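Below is one structure; the comments refer to it alone.
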Amino acid sequence: MDHFIKNIVSLLKEKIDLPEDGIKRLIEIPPDPKMGDYAFPCYSLSKTLKKSPNVIATELSNAIHTVRPIAEIKAIGPYVNFFVEKETLSEITLKTISEERDNYGIRSAGKGKTVIVDFSSPNIAKHLAVHHLRSALIGNAIYHIYKTLGYRCVGINHLGDWGTQFGQLIVAYKKWGGENAHHAYTVTDLNDLYVKFHQEAEKDPGLEDEAREWFKKLESGDAEAKNIWQHFKDISLKEFQKIYDMLGIHFDAFVGESFYNTMVQDTVTRIKEKGITKVSEQALIVDLEPYHMPPCLLRKKDDTTLYATRDIAAAEYRKKTYDFDKMIYVVGSEQKLHFNQFFKVLELMGYNWANCCVHVDFGLMKFKDGKMSTRKGKVVLLEDLLVEAVERIKEIIEEKNPSLENKEAIARDVGIGAVIFADLCTKRSKDVVFDWDEALNFEGETGPYVQYTHARLCSILRKFGKPMTADINFGLLKEDETVILIKNLGQFPSVIMKAAEFYEPSLICNYLIDVCASLNRFYNAHRVLSDDAELTKARILLVNTTRQVIKNGLRLLGMQAPERM
RNA sequence: GCGCCAGUAGCUCAGUUGGAUAGAGCAUCGGAUUUCUAAUCCGGCGGUCGAGGGUUCAAGUCCUUCCUGGCGCGCCA
């Protein structure tokens with residue numbers, strides 16, 4: 001907590017020839033609370049003072065004296081260790097949380113600044129599958145994390161709704177679409193048409209030309225082509241929305257690639273005017289050789305543009321429309337090179353905001369025995385996974401808490417939450433191997449563990465049933481399990497800051513696991529409700545603030561915090 | 001071939017600006033409940049941190065070479 005560190009720095013700065021900031025940076029938290037609450041390592045001083053760090057630590061600890069709220073100063077090896085008054089620690093932490101409630105953790109670091117989060121961004125006319133999960137969940141979490149830090153956030157779903165494949169689909173639809181005319185079209189039907197097109201195209205290569213023809217019509221605004229394409233888009237969006245609703249994900253804008261179709265020509269002209277383009281093998285490129293990258297292709301030899309061109313146009317448009325301070329692209333790491341190239345082109349175009357663009361990449365999702373691929377039909381549909389997770393939770397509820405009211409809704413919150421937590425729990429950069437059993441295993445460090453802990457706390461508060469107060473005797477919260485928990489609670493704001501700095505939602509997951517583990521240790525060792533009214537009041541405050549922190553943390557991840565389960 | 005990412009306990013992973021004894025969960029073995037939800041908690045077992053070399057008082061963390069796996073490398077997105 002900043003409060004104590006400030007006090008420690010002011011004690012140390014009298015005796016140490018280091019800037020305040022330097023001292024502050026060195027202060028750390030000892031691995032074992034028995035050693036102290038904060039520690040100052042003396043290694044870096046030993047060079048200038050030409051003494052061993054142990055000697056310096058001893059001398060320093062003798063030279064400075066305790067002042068409230070620092071209770072004790074002790075040299076242990078090369079460290080000066082500080083013990084704070086537990087009462088003050090508890091009071092500051094718990095009062096802050098119970099005053100700020102749902103706002104605990106909110107900061108104003110981003111006040112007045114705008115962040116764009118470009119995430120999920122699936123291709124239309126295809127199902128959302130489990131490998132689409134990561135971008136959606138990581139992006140959603142980052143959106144919430146930045147919002148908590150006071151940024152104005154704009155969540156954009158950059159739909160893949162443009163390209164030659166829509167020419168193919170139109171051809172297939174016109175030729176064989178009647179077969180499904182007896183019912184409302186679904187994404188499955190579109191998928192079937194897509195597969196059928198590729199089967200037929202092998203026999204009849206003329207189909208590819210027809211498809212190119214239709215895409216050209218689409219590009220030039222042909223009414224029939226546009227109507228059919230719009231129909232595909234409507235069908236897809238309707239299905240996507242159903243999944244986003246299940247996941248509790250909201251976008252501020254669904255703006256697909258098609259939207260930039262009218263702008264790309266101007267964009268290309270602007271790039272050309274900068275004199276950074278050249279023609280190579282009939283294509284228009286930006287040579288990135290000086291930056292040790294392959295060239296960025298802007299226009300194919302048939303004069304049509306590529307996705308890099310559309311990305312540049314989109315970036316220009318977004319800067320103009322939203323005047324963002326940061327733009328975050330949550331896209332798989334297989335596109336790392338693409339983003340490096342495209343950011344470099346923005347820089348070469350002279351946009352000083354180019355370095356405000358960030359590619360937040362993540363490892364890909366694979367099956368145990370190979371890659372996922374829509375072409376081979378080797379995918380697990382996202383909806384199937386979510387439904388299965390909810391079903392599985394329902395069985396567990398039936399077994400453990402059959403009298404629970406509102407089982408459906410709670411199973412939904414817990415099942416979906418389990419999937420969200422499992423996906424966000426590992427660091428972004430790691431590849432994830434999808435395994436049904438693993439994805440649906442809810443024991444140990446999982447979403448249900450966190451939600452269950454939350455539900456138990458709610459249960460205690462219900463049973464207590466009286467108004468709570470932060471006006472308690474903080475001296476009663478003194479056991480080891482209690483103090484560790486309180487210290488954990490106080491770390492929440494800095495964990496959010498760190499998660500934002502590294503674009504790493506997994507830090508929130510790890511933190512919540514920590515808090516819950518501390519809580520459960522406390523829960524097992526001490527009774528909250530007892531005949532001792534003062535002690536009960538104090539522990540109730542601890543229970544309520546812990547509940548609040550868990551709830552706020554889950555919200556950052558896009559998860560619900562059910563009060564019973 | 002070149003570039004990027006990953007490699008830590010049997011399995012899945014923490015360990016971010018180099019610091020005190022490398023930590024969790026799962027699995028396995030043993031224990032805790034007259035109790036606020038046992039979807040919990042405690043203990044045992046389990047490690048040449050992929051390998052070698054280097055920098056440093058100090059390296060899982062930084063540099064370097066190599067090994068393994070994944071991804072990417074001009075007209076797909």
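None of these values were measured; they are calculated from a predicted model. Protein chains get the first letters and strands the later ones, always in sequence-line order, with residue 1 at the start of each.
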**Message:** Return the pairing partner of G30(B) with a 3.5 Å limit on both distances, Watson-Crick or G-U wobble; otherwise return none.
**Reply:** C42(B)
**Message:** Say we look at U17(B) and C62(B): how far apart would their P atoms be, to the nearest angstrom?
**Reply:** 11 Å
**Prompt:** Is it true that Glu213(A) and Lys216(A) have a side-chain N and a carboxylate O under 4.0 angstrom from each other?
**Reply:** no
**Item:** Distance test, side-chain N/O of Arg299(A) to OP1/OP2 of C75(B), below 4.0 Å
**Value:** no
**Request:** Please report the C-alpha distance between Phe442(A) and Tyr452(A) in whole Å, then the side-chain angles of each, then the deciding distance to 0.1 Å, and finally whether the ring-ring contact (aromatic ring centres under 6.0 Å, His included) criterion is met.
**Result:** CA-CA 11 Å; Phe442(A) 306 132; Tyr452(A) 175 68; over 10 Å; no
**Item:** Nearest-Å distance once atom C1' is located in both A51(B) and G69(B)
**Value:** 16 Å
**Closest nucleotide among C75(B), U37(B), A39(B) to the Glu281(A) side chain** = C75(B)
**Item:** Tyr523(A) side chain near A38(B) phosphate (N/O to OP1/OP2, under 4.0 Å)
**Value:** yes
**Message:** Return the pairing partner of A6(B) with a 3.5 Å limit on both distances, Watson-Crick or G-U wobble; otherwise return none.
**Reply:** U68(B)
**Message:** For the C1' atoms, the ones on G52(B) and on C57(B), what distance do you get once it is rounded to whole angstrom?
**Reply:** 24 Å
**Nearest-angstrom distance, C1' atom, G15(B) to C49(B)** = 11 Å
**Request:** State whether Lys430(A) places a side-chain N or O below 4.0 Å from either non-bridging phosphate oxygen (OP1 or OP2) of G70(B).
**Result:** no
**Message:** Less than 4.0 angstrom from a charged side-chain N to a carboxylate O is my criterion; do Glu388(A) and Arg392(A) meet it?
**Reply:** yes
**Prompt:** Got a donor-acceptor pair under 3.5 Å from the side chain of Asn81(A) to the base of A20(B)?
**Reply:** yes
**Prompt:** Of Asp361(A) and Lys427(A), whose nearest nucleotide on RNA chain B comes first from the 5' end?
**Reply:** Asp361(A)
